[in-house]
Amino acid sequence: MSGLYLHIPFCKQACHYCDFHFSTSMALKSRFVEALVREMELRRDYLGQSPQLNTIYFGGGTPSLLTEAELNTIFEAIHRNFAVAPNAEITLEANPDDLTALKLRELAASPINRLSIGLQTFHEPHLRMMNRAHSAEESRVCVELAQDAGFENISVDLIYGVPAEGHGIWERDMEIAFGLGVPHLSCYALTIEPDTVFGRQLKKGKFLAAPEEFVAHQFERLLQEISRHGYQQYEISNFCQPGRESRHNSAYWRGVPYLGLGPSAHSFNGITRQYTVANNPQYVQAVLERAEVPATVEHLSATDRANEYLMTSLRTAQGCDLGHLRDALGVDLLGPRATYLQELQHAGWATLSPQHVLVLTDQGKLLADQITLELFQEEE
């Protein structure tokens with residue numbers, strides 16, 4: 001089983017925290033769809049002969065900006081070039097302001113069976129600060145409209161750690177989100193990336209990020225509320241009702257091969273990673289005029305593969321199987337790093353099972369990046 005990711009690089013406006021690749025100009029959108037279909041034809045064998053797709057994910061950017069005709073064109077191309085599993089999970093990322101009753105009827109009539117909606121917050125001043133295109137009221141209404149249109153498999157995104165006087169706004173955001181009854185939540189700490197409006201404001205002293213203790217407290221409250229409402233944390237930022245994990249993202253964390261199409265998309269086939277240029281005009285021109293995919297290919301060493309397994313597995317509830325890391329990937333942490341593994345356990349940051357599976361505790365998840373870097377291997 002494999003996955004297909006399609007990057008739709010268009011947005012109505014730029015959110016002040018976002019450093020993903022997108023354009024606010026729609027001038028190239030129709031040509032982009034044509035190029036996306038052509039790239040699909042050029043790279044259909046990347047995952048081997050006649051791969052079956054278990055998951056399809058429209059990410060961005062803002063995929064909900066695609067018209068019904070554009071979506072139909074893309075799905076026709078997918079079925080021409082790949083076998084799609086009968087029970088495939090097909091996700092479309094969407095912004096609330098796009099999800100009108102008419103748009104939702106169109107999406108419900110398509111093969112899409114899962115929506116990932118970028119709500120971010122229900123607090124109007126924070127939406128304005130982030131430069132989101134929707135209102136708090138649209139956030140609530142769009143989820144209800146999606147449910148009325150027949151979408152039951154819905155995920156919503158929330159952002160915590162937004163600077164505020166106290167924690168009341170985050171508490172209210174969680175209360176409303178749980179009240180919507182969706183089976184999946186993705187919750188991310190506000191991260192200030194350098195090449196964003198927030199990043200530039202921070203550098204000029206016009207934006208002040210929340211203290212680490214403030215962010216950590218909100219994460220801890222999130223974990224408490226997740227448990228209280230019967231959700232499970234299956235990855236550091238992802239939470240679901242039992243059995244409602246994102247199959248597509250879970251496959252990333254398990255190292256399942258996937259093909260990424262579109263500018264800035266990544267692909268992985270177990271041996272190499274491929275990164276397509278993050279430039280819409282260059283992408284469209286190369287694919288349509290020269291039948292070339294403008295991408296960089298990285299051949300993964302054994303150390304690269306081991307470090308990727310460490311990084312992704314430690315973020316999940318299943319943890320990192322140190323026996324697999326040793327036997328399949330050639331990195332033995334059980335002997336050389338035994339002292340550090342003991343320190344993690346004594347500090348209450350991780351558990352190590354008799355089967356040698358290392359799992360981060362709630363406290364350890366706050367330090368996941370630091371712990372992962374400590375365990376990373378260097379090329380010999």
Side-chain angles (χ1 to χ4, degrees), residues 10-20 22 24 59-65 91-105 107 114-149 151-192 196-198 201 207-210 214-215 217-219 221-222 224-226 228-229 231 237-241:
F10 301 99
C11 289
K12 290 179 181 176
Q13 60 194 50
C15 299
H16 288 174
Y17 55 82
C18 181
D19 71 341
F20 291 164
F22 64 90
T24 55
T62 311
S64 51
L65 289 174
T91 303
L92 180 114
E93 290 184 350
N95 276 346
D97 43 298
D98 295 327
L99 295 181
T100 62
L102 173 60
K103 182 70 172 183
L104 284 160
R105 286 197 296 272
L107 294 175
R114 183 175 184 270
L115 292 178
S116 177
I117 307 176
L119 305 185
Q120 315 312 351
T121 177
F122 299 96
H123 186 60
E124 198 72 41
H126 279 182
L127 286 171
R128 302 284 73 78
M129 181 176 71
M130 295 177 190
N131 200 39
R132 296 291 292 169
H134 66 276
S135 68
E137 181 62 20
E138 284 175 316
S139 291
R140 295 186 188 89
V141 170
C142 78
V143 175
E144 295 167 353
L145 288 174
Q147 292 166 333
D148 291 344
F151 283 102
E152 185 276 332
N153 198 359
I154 297 173
S155 176
V156 301
D157 289 355
L158 296 176
I159 294 178
Y160 63 92
V162 182
E165 288 295 323
H167 301 292
I169 295 169
W170 177 234
E171 296 285 350
R172 180 64 176 157
D173 278 352
M174 289 191 290
E175 179 185 349
I176 297 173
F178 285 118
L180 293 171
V182 296
H184 192 282
L185 300 172
S186 294
C187 303
Y188 304 99
L190 178 65
T191 303
I192 311 303
T196 63
V197 171
F198 281 165
Q201 289 178 345
F207 182 87
L208 188 62
F214 180 93
V215 179
H217 175 82
Q218 294 198 345
F219 180 69
R221 283 291 297 124
L222 171 64
Q224 292 167 7
E225 289 301 299
I226 285 294
R228 191 167 74 86
H229 286 86
Y231 287 67
S237 302
N238 287 274
F239 313 85
C240 67
Q241 295 170 352

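Basis for what follows: all heavy atoms, side chains included, without hydrogens, waters or symmetry-related copies.
Of the possible donor and acceptor atoms, none in the side chain of Glu93 sits under 3.5 Å from a partner among the backbone N and O of Pro63. In this structure a side-chain-to-backbone donor-acceptor pair under 3.5 Å is missing from Arg172 to His123.
Note that OG1 of Thr196 is 12.5 Å distant from CE of Met130, once rounded to the nearest 0.5 Å. Taking OG from Ser139 and CG from Leu158, the interatomic distance works out to 9.0 Å, rounded to the nearest 0.5 Å. Between the CG atom in Asp97 and the NE2 atom in His134 there is a gap of 7.0 Å [rounded to 0.5 Å]. Once rounded to the nearest 0.5 Å, the distance linking CD1 of Ile226 with CZ of Phe239 reads 5.0 Å.
Residues Val143 and Val156 form a side-chain contact, since some pair of their non-hydrogen atoms from C-beta on lies under 4.5 Å apart. Leu119 is listed as a side-chain neighbour of Cys142, based on a closest heavy-atom distance under 4.5 Å.
The ring-ring contact (aromatic ring centres under 6.0 Å, His included) check on Phe122 picks up nothing, with sequence neighbours excluded. Looking at residues two or more places apart in sequence or on another chain, you find a side chain to side chain contact (heavy atoms under 4.5 Å, CB included) between Leu102 and Thr100, Arg105, Glu106. For the side chain to side chain contact (heavy atoms under 4.5 Å, CB included) test, residues two or more places apart in sequence or in another chain that qualify with Ala164 are His126, Ile169, Phe214. Looking at residues two or more places apart in sequence or on another chain, you find no side chain to side chain donor-acceptor pair (under 3.5 Å) involving Gln201.
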Using residues 177-192 as the side-chain source, report each donor-acceptor pair under 3.5 Å to any protein atom, sequence neighbours left out, with the distance given to one decimal.
unit_1	atom_1	unit_2	atom_2	d
His184	ND1	Ser155	OG	2.8
His184	NE2	Tyr234	OH	2.5
Ser186	OG	Asn238	OD1	2.7
Thr191	OG1	Ala189	O	3.2

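Across every non-hydrogen atom of Ala146 and Leu104, the tightest pair is N-CD1, 3.5 Å. Nearest approach of Ala94 to Ser64, heavy atoms of both residues: CA-OG, 3.4 Å. Summarising the geometry of Arg132 relative to Asn95, their closest heavy-atom pair is NH2-OD1, 3.0 Å, with the distance given to 0.1 Å. Among all heavy-atom pairs drawn from Met129 and His16, the shortest one is O-ND1, 3.1 Å. Between Thr24 and Ala14 the shortest heavy-atom distance is CG2-N, 4.1 Å. For the pair Gly60 and Phe20, the tightest heavy-atom approach, listed with the atom from each and the gap, is O-CD1, 3.6 Å.
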Can Asn131 and Val197 be said to form a side-chain contact (heavy atoms from CB on, under 4.5 Å), step by step?
-> CA-CA 10 Å; Asn131 200 39; Val197 171; over 6 Å; no
What's the verdict on side-chain contact (heavy atoms from CB on, under 4.5 Å) for Leu99 and Leu145, showing C-alpha distance, side-chain angles and the deciding distance?
-> CA-CA 8 Å; Leu99 295 181; Leu145 288 174; over 6 Å; no
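Screening residues 156-170 for side chain to side chain donor-acceptor pair (under 3.5 Å), with sequence neighbours left out, gives His167-Gln218.
A donor-acceptor pair shorter than 3.5 Å can be found between the side chains of Thr121 and Asp173.
A salt bridge does not link Glu144 to Arg140: none of the charged nitrogens lies less than 4.0 Å from a carboxylate oxygen. Salt bridge status for Lys12 with Asp98: present, with a side-chain N to carboxylate O gap under 4.0 Å.
Between Tyr17 and Phe198, the two ring planes are tilted [angle within 30° to 60°].
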